[in-house]
Amino acid sequence: MQTTAVPRALAALLQILQEDPALAAATVIDGPPVQDLSASDLVVVGWTPVGDEPVAESSQDFAYAGARTRTEDFTLSGWAESWSGEQDFATRRARAYELLAVIETALRATAAQPEAPTLLGTVQWAHLTGHRLQQLLTDQGARVGIAWTISCHARL
């Protein structure tokens, strides 16, 4: 019996995004970058640079009387970023939102990915439920990032 669906859901989300052809030009990684990445487009599953934002947050309850099964509602966090080395925020912002759209679309059922909304069967449903835009001007140019949240529901 599993205690939580979070680890399998994170792994499935990472797999879905790494296999998505629309993200072929982006770097898609699991967890915080361990080095400064020079990728112009970055998607991170399970990490945001926003303060103490949790990777996942969960709550559980009994599904039925008798304590045989439980339901779990949880959120998964991530980051989508676009960087060019220039100071053009409008272009970087548009590209960051294109990356977010790919993430949201990847969670919709398609003929190629019929199990996407269930994160490959790890949850009953998952969908993008929130995001926060951040813009920074650094000595390396404009960086625009979006911290995103995916909400999930699972039966344990």
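Using a distance-only test at 3.5 Å, with no hydrogens or angles considered, a donor-acceptor pair links the side chain of E72 to the main chain of A5. Side chain of S77 to backbone of P54: a donor-acceptor contact under 3.5 angstrom is found. The main-chain N or O of I103 is never found under 3.5 Å from a side-chain atom of W148 such that the two would form a donor-acceptor pair.
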CA sep, side-chain torsions, deciding dist, call: L42, W83, side-chain contact (heavy atoms from CB on, under 4.5 Å): CA-CA 9 Å; L42 175 66; W83 169 77; over 6 Å; no

Between I146 and L99, is a side-chain contact (heavy atoms from CB on, under 4.5 Å) present by the stated rule, with each step listed? CA-CA 9 Å; I146 300 173; L99 294 171; over 6 Å; no

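For E98, the side chain to side chain contact (heavy atoms under 4.5 Å, CB included) partners are R95, not counting sequence neighbours. Under the side-chain hydrogen bond (donor to acceptor under 3.5 Å, both in side chains) criterion, E86 pairs with no residue at all, not counting sequence neighbours.
Hydrophobic cluster membership is shared by L10 and V102, with clusters built from Ile, Leu, Val, Met, Phe, Trp and Tyr side chains linked at under 4.5 angstrom. Cluster membership check: L136 does not share its hydrophobic cluster with V43, using side-chain heavy-atom separations under 4.5 Å among Ile, Leu, Val, Met, Phe, Trp and Tyr. One hydrophobic cluster holds both F89 and Y97 under the rule that ILVMFWY side chains link at heavy-atom gaps under 4.5 Å. Tracing side-chain contacts under 4.5 Å through hydrophobic residues (I, L, V, M, F, W, Y), one never reaches W47 starting from L14; they form parts of separate clusters. V55 and I29 end up in different hydrophobic clusters when Ile, Leu, Val, Met, Phe, Trp and Tyr side chains are linked at under 4.5 Å.
Put simply, CG on D30 and CG on L13 are 9.5 Å apart, with the number rounded to the nearest 0.5 Å. Interatomic distance, L156 CG to T71 OG1, rounded to the nearest 0.5 Å: 8.0 Å. Note that OG of S82 and CG of D88 are 10.0 Å apart. Values are rounded to the nearest 0.5 Å. Note that CG of L133 and CZ of R93 are 7.0 Å apart. Values are rounded to the nearest 0.5 Å. Distance check: S84 OG to Q140 CD gives 11.0 Å after rounding to the nearest 0.5 Å.
Using modelled atom types, one finds a donor on one side chain and an acceptor on the other under 3.5 Å when comparing W79 with E81.
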Please tabulate, one pair per line, all N/O donor-acceptor pairs under 3.5 Å involving side-chain atoms of residues 120-128, not counting sequence neighbours.
from, atom 1, to, atom 2, distance (Å)
T122, OG1, L119, O, 2.9
Q124, OE1, H153, NE2, 3.1

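Just one residue in the list T75, D73, T129 forms a side-chain hydrogen bond (donor to acceptor under 3.5 Å, both in side chains) with S151, and that residue is T129.
When all heavy atoms of T4 and P7 are compared, the pair lying nearest together is CG2-CD, 3.7 Å.
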